[in-house]
2 protein chains.
Amino acid sequence: MRVLKYAILGLLNRKPMTGYDLSKEFSYQIGNFWSANHSQIYPELKRLLDEKLVVYNIEISGDVLEKKVYTITEKGRKEFLKWLNKDEPMEPTPKNVFRLRMYFSNNLDIETRIRLLEHQLVQHEEKLAFLLSEMQRYSGVPPFDSDDFGDYLVLDGAIMREKTTIEWLKKCIKICQSKTNCDEERN
Amino acid sequence: MRVLKYAILGLLNRKPMTGYDLSKEFSYQIGNFWSANHSQIYPELKRLLDEKLVVYNIEISGDVLEKKVYTITEKGRKEFLKWLNKDEPMEPTPKNVFRLRMYFSNNLDIETRIRLLEHQLVQHEEKLAFLLSEMQRYSGVPPFDSDDFGDYLVLDGAIMREKTTIEWLKKCIKICQSKTNCDEERN
DNA sequence: ATTAAACATGTAAATGTTGACATGTTATAT
DNA sequence: ATATAACATGTCAACATTTACATGTTTAAT
């Protein structure tokens, strides 16, 4: 599939960047649905260079530090657009360790279930708050041909996803609590 | 992390099974958040056997076919429960190729964007219909200590997730259509 | 009887991903 | 001046995952 290849080409299609810059990009918006460490990025850049999909220029930072600023080639742009236009079938649902735990949660104390759920909840609430703060910079749908367009759509999707996860976690907590309440009433 | 290890232990903790049975399990409910091919399952079972977390009995099917029916050991159950009780931090958001495409969608014709979005939409609607049919078998929250409890919670979560994805896709389509309408009015 | 689908168990190669190892520079704050 | 954080680029080993290779049996339909 080589998805990282296309993620990098797509980012370089926006503007020339170093491997380090690409690495940082994956901690921003794009990180909500794709990411890679620098240990994966540098070898991939080398490969893209071999395939003549990118080229680089050396820029000197300070006195001696050589930065490799990568630029997408015409061939690279063509391959990227070919990939982008492809209509591929839905991927299998993503793996999720927490949901796996909940799948087996009948083997846990009710109190433990609630504790685990509540820990997830605070984390997802923090994540949502962060995403909402990111959304602040948009007053409406950005121009259809601007880089911000996709950024806006997927940010919106990420917010919806977090909200639903939070709703689900709260529902699960409520269900577990209804059990503890029942038990207390019996005593 | 060895998540597959715990997924298998968890399933064997429910009831003894063959590698083939485990493989099939991943196409059922648990497949909504974890899966593995038989090529990963058989070696993992061998490893769990070495670690004395499982044992197997041979059952003859028909005349000669030897089935290895795996059972979890006390040691295996202990390790599984230890893992299950662990409170781990939220995982990074899952990778999603379609959202990556949408992130770069400013490079696509509006018509192509709509076509790709609508193709995803029908697939997610089918998936939702399937999940809802699965939910039919529950008339309420199953007993808190039954295997069905976790099954119910995650099925509910999967349904909520699909509904949100569908809502997002429709929103994206609407946004793209508002652009084509605008353009038509100008002509 | 025959055939096709489902049952059943494995290995091997390639690919994708993470975490650790390894090194050095530049800018900022104290 | 000096220490620290951020900048910058790479490799390597281990682990996880997918796809293809490889083989054979049993059950159900025709």
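Just so it is clear, the model here is predicted, and its values are computed rather than measured. Order of the sequence lines sets the chain letters (A, B, ...), proteins ahead of strands, with each chain counted from 1.
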So how far is it from [X] [atom1] to [Y] [atom2], rounded to the nearest 0.5 Å?
X	Y	atom1	atom2	answer
A/Asp21	A/Tyr70	CG	OH	11.5 Å
A/Glu118	A/Gln123	CD	CD	12.5 Å
B/Asn106	A/Asp151	CG	CG	10.0 Å

Query raised in the report: Would the number of heavy atoms belonging to other residues, nucleotides or ligands and lying under 6.0 Å from OH of B/Tyr56 be above 12?
Result: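 No, the 6.0 Å shell around OH holds no more than 12 heavy atoms from other groups.
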Query raised in the report: Are a donor atom and an acceptor atom from the side chains of A/Lys95 and B/Asn32 found within less than 3.5 Å of each other?
Result: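 No, no side-chain donor-acceptor contact under 3.5 Å.
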Query - Output field: ring centroids B/Phe33/A/Tyr103 closer than 6.0 Å - result: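 Close enough - the centres of the two rings lie under 6.0 Å apart.
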Query - Check: A/Phe80 ring centroid to B/Phe104 ring centroid under 6.0 Å - result: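 Ring centres of B/Phe104 and A/Phe80 closer than 6.0 Å.
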Which atom pairs, donor and acceptor, lie under 3.5 Å between side-chain atoms of residues 35-54 of chain A and protein residues at least two apart or in another chain?
from, atom 1, to, atom 2, distance (Å)
A/Glu44, OE2, A/Arg2, NH2, 2.7
A/Glu51, OE1, A/Arg2, NH2, 3.3
A/Glu51, OE2, A/Arg2, NH1, 2.9

Report summary line: Atom NZ of B/Lys67 and atom P of C/dC7 are separated, to the nearest Å, by 10 Å
**Report entry** Trace of the salt bridge (Lys or Arg N to Asp or Glu O under 4.0 Å) decision for B/Arg115 with B/Asp109
**Finding:** CA-CA 10 Å; B/Arg115 185 169 48 79; B/Asp109 295 338; over 6 Å; no
Report summary line: Walking DNA chain C from its 5' end, the first of A/Ser61 and B/Glu66 to be reached, judged by nearest nucleotide, is B/Glu66
Requested in this report: Could you tell me how the ring of A/Phe98 sits relative to the ring of A/Trp168: parallel (under 30°), tilted (30 to 60°) or perpendicular (over 60°)?
Outcome: perpendicular
Query raised in the report: Sub-3.5 Å donor-acceptor pair from the side chain of A/Arg113 to the main-chain atoms of A/Cys176, do we have one?
Result: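 No.
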Query raised in the report: Under the 3.5 angstrom rule, does the side chain of B/Gln29 hit a backbone N or O of B/Leu155 as a donor-acceptor pair?
Result: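 Not at all, since once roles are kept as given, no pair shorter than 3.5 Å links the two residues.
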Requested in this report: Answer with base, sugar-phosphate or nothing: what part of the nucleic acid does B/Lys5 contact at a heavy-atom distance below 4.0 Å?
Outcome: nothing
Report summary line: Protein heavy-atom contacts under 4.0 Å, written 5' to 3' over nucleotides 10-19 of chain C as B (base), S (sugar-phosphate only) or - (none), form the string BBB---SSBB
Query - Residue-level proximity of residues 80-87 of chain A to DNA chain D when a heavy atom falls under 4.0 Å - result: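 None - not one residue of the stretch has a heavy atom sitting under 4.0 Å from the strand.
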Report summary line: Students should find that the end-to-end axis angle of the helix from C/dA1-D/dT30 to C/dT30-D/dA1, with five pairs defining each axis and rounding to 10 degrees, is 40°
Enumerate donor-acceptor pairs with a distance under 3.5 Å from any side-chain N or O in residues 58-69 of chain A to protein atoms, sequence neighbours excluded.
none

Report task. Would you grab the first and last nucleotide of DNA chain D (5' to 3') that comes under 4.0 Å of any non-hydrogen atom in chain B? Result ->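 Boundary nucleotides touching chain B, in 5' to 3' order, are D/dA16 to D/dT26.
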